[in-house]
There are 2 protein chains.
Amino acid sequence: MSKSTIKNINTHAVELNAYFGVAISVDCVIFGFDKRELKVLLIRCDLPKYKGKWSLLGDLVGPEEDLDKAAYRVLKARTGLRNVYLQQVHTFGAPRRHPAGRVVSTAYYSLVNISNCKLTTQANELHWHPVKDIRTLAFDHKKIFDTCFEHLQEDIVRSPVVFKLLPQKFSLRQLQHVHEAILGVALDRRNFRKKIMSMELLEDLNEMENDVPHRPGRLYRLKPKAVAALS
Amino acid sequence: MSKSTIKNINTHAVELNAYFGVAISVDCVIFGFDKRELKVLLIRCDLPKYKGKWSLLGDLVGPEEDLDKAAYRVLKARTGLRNVYLQQVHTFGAPRRHPAGRVVSTAYYSLVNISNCKLTTQANELHWHPVKDIRTLAFDHKKIFDTCFEHLQEDIVRSPVVFKLLPQKFSLRQLQHVHEAILGVALDRRNFRKKIMSMELLEDLNEMENDVPHRPGRLYRLKPKAVAALS
DNA sequence: TCAAAAGTGTTTAATATACACCCATGC
DNA sequence: GCATGGGTGTATATTAAACACTTTTGA
C-alpha cells in the first residue's frame, strides 16, 4: 500500500459489487416478565445444522429498510405489539456465524409486557423461556443473548426502561420483583421504595390491587413525561 | 402472513442472493490527546457529493473479514499502530446514508497516543482536529462522531480506558487534563488525586517529569494487570 | 387465627464535595 | 523573585446500607 493512495469507501468512488456477498440481519432479544421471572422469547430453529435448537427472533434486513425498522417489523410480526422499547446493543459479524453464508447481524433487546403479546406462531415453535434456564442457543445466539442481558442489567440502574415489562398499572412489589429478577439479587424493600420514590417518576393512582391473596398494595403508573422520555 | 409460516433467516433455509445488494463497512472515531486538547483523526473526502469535507476513517469489510479485524486494519493502515484500544459502539444503517449505495456501517472508537502515530497519508489529507471544533462532517459522520464521543464520556468514569491516550509514563496532571478534556469540566485537583489513587491502578515509578517549565511531578504507569484488563 | 405482604424511619457507613496553604523548579 | 504547577488534609453534605415492627387483607 503506497503512502497516499489507499482507496477507500469514505474518500473515493469505490465499486461496491465485489462487496455485495454479504447480507445483514437483525436479531431481537425480547424480554418479558411473568410470575416473578424474567423470560425471553425464542423460536425453534429448523435448519439442519441446528435442528430443534432454540434461536432468537430475527430476520434479514430489506434492501431499502432501516435497521431499526427491521427490528420493529420482527417484533410486530411475532408479538403483535407496536410502540415497544427497542435498544440496539451490538453487531456480530464473524465470517462463519451463519451456515447460509455471510450474515452480519445487529442485535437489539426489547422489553414487552407478556400479557399484551399475541404470539403469531404455534405455541411449540415460539415460546417464552426463563432466562435462568438458557444454556445453549442456535448460531452465536447465546453470545448475543448474553451481551444483551448484560446491557439490560446495566441500563436499568440509570434508566426507567424496566417499566416496559409491566402493565400500565403496577404495584411497588411488582416493580421490585422485576429489578430483582433482572439483577439476580434480593433488594431491601424500604430502601428500594425510598430510591424509586426519590426519582419522582411514579404517579400514585389512588387505586389498590385486587385479586391478590394478601393485603393489596397501592397502584402506580409511570408519569406521562417519563413515558415520553423512554421512546 | 399466515400464522405459522413466516420464513426466516433464523428458522428456515433462505436464499440470500436477493439480499446481497448491501455492503458493510466500519468507521473509526480515533481520539488522541495533545496540548491539553482532545483531538480526532479525520481524512479529507474526495467524493463529489462531499468534496472537501472531512470524514471518519473507515473502509469496507472484506467478504471473509471479521468486523473487529476490519477496524484494526483501518487503524493500522492509517496510524501505523497495533494493539490499540478499540470499542464497538453502534451500527448505522439508514438506506441512503452513503451515495455509492447501501452501506451499513459499524462505528468504533479508538484511543491512541498521538505521538506514537505515524500517519500514512499526506498531512493535508489526514489530520488531527480538536474535538471542540467539529461542526459538520461528510455522510452521517457527525452523528457517528457524536454517538462515539458520548460513549467515551460515559466509559471513562468506570473504566481506565483513558490511559490509552497518554504515554506509558505520565504525571497526574496529564491524567487530570485528559479527564477534563473529555468531560469538558474542571476537576478539583485534590479530589481527583484521591479518587485515582483509591482505584489502585497506578504504579509509582519514582521518576520525575523533566522538560517542564515548573516543578516536575511524579511519573506513574498503569499497573500491568490493569493494562491486561483493558484489551 | 394464620399466612402473606403492605407500609413506614432511624442509625450508620461510605462516598463525594468544597476548600487553602506551603513547596520545588525554571526562567 | 516570580510564575507555574506539585503536593497535601479536613470538614461537610450527600448517598447507600442495614435493620423490625405494626397493619391489612384473603383464606
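All heavy atoms count here, side chains included; hydrogens, waters and symmetry mates do not.
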In short, P216(B) meets V212(B) closest at the heavy-atom pair CA-CG2, 3.9 Å

Looking only at heavy atoms, the pair that brings P160(B) and L230(B) closest together is O-CD1, 3.9 Å

To the nearest angstrom, how far is [X] atom [atom1] from [N] atom [atom2]?
X: N210(A); N: dA6(C); atom1: CG; atom2: P; value: 14 Å
X: L175(A); N: dA5(C); atom1: CG; atom2: C1'; value: 16 Å
X: E207(B); N: dT25(C); atom1: CD; atom2: P; value: 16 Å
X: M197(B); N: dT8(D); atom1: CE; atom2: P; value: 8 Å
X: H214(B); N: dG1(D); atom1: NE2; atom2: C1'; value: 19 Å
X: E209(B); N: dA24(C); atom1: CD; atom2: C1'; value: 13 Å
X: L187(A); N: dA17(D); atom1: CG; atom2: C1'; value: 12 Å
X: M208(B); N: dT4(D); atom1: CE; atom2: P; value: 21 Å

How do N191(B) and R193(A) order along DNA chain C: which one's closest nucleotide is nearer the 5' end?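 Looking at DNA chain C, the more 5' nearest nucleotide goes with R193(A).
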
OP1 or OP2 of [N] sitting under 4.0 Å from any side-chain N/O of [X]?
X: R173(A); N: dA6(C); answer: yes
X: R218(B); N: dG7(D); answer: no
X: R190(A); N: dG9(C); answer: no

Of R173(A), H179(A), E180(A), the one forming a side-chain hydrogen bond (donor to acceptor under 3.5 Å, both in side chains) with Q176(A) is E180(A)

Donor-acceptor pair under 3.5 Å: do we get one between [X]'s side chain and the base of [N]?
X: R215(A); N: dA6(C); value: yes
X: R189(A); N: dA6(C); value: yes
X: K194(B); N: dT15(C); value: no

### Query
Mapping R36(B) and D188(A) onto DNA chain D by nearest heavy atom, which one lands closer to the 5' end?
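The answer here is R36(B).
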
Pair R215(B) + E209(B): basic N to acidic O under 4.0 Å
no

Q. Is it true that E207(A) and K169(A) make a salt bridge, defined as a side-chain N closer than 4.0 Å to a carboxylate O?
A.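 Yes, charged N to carboxylate O under 4.0 Å.
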
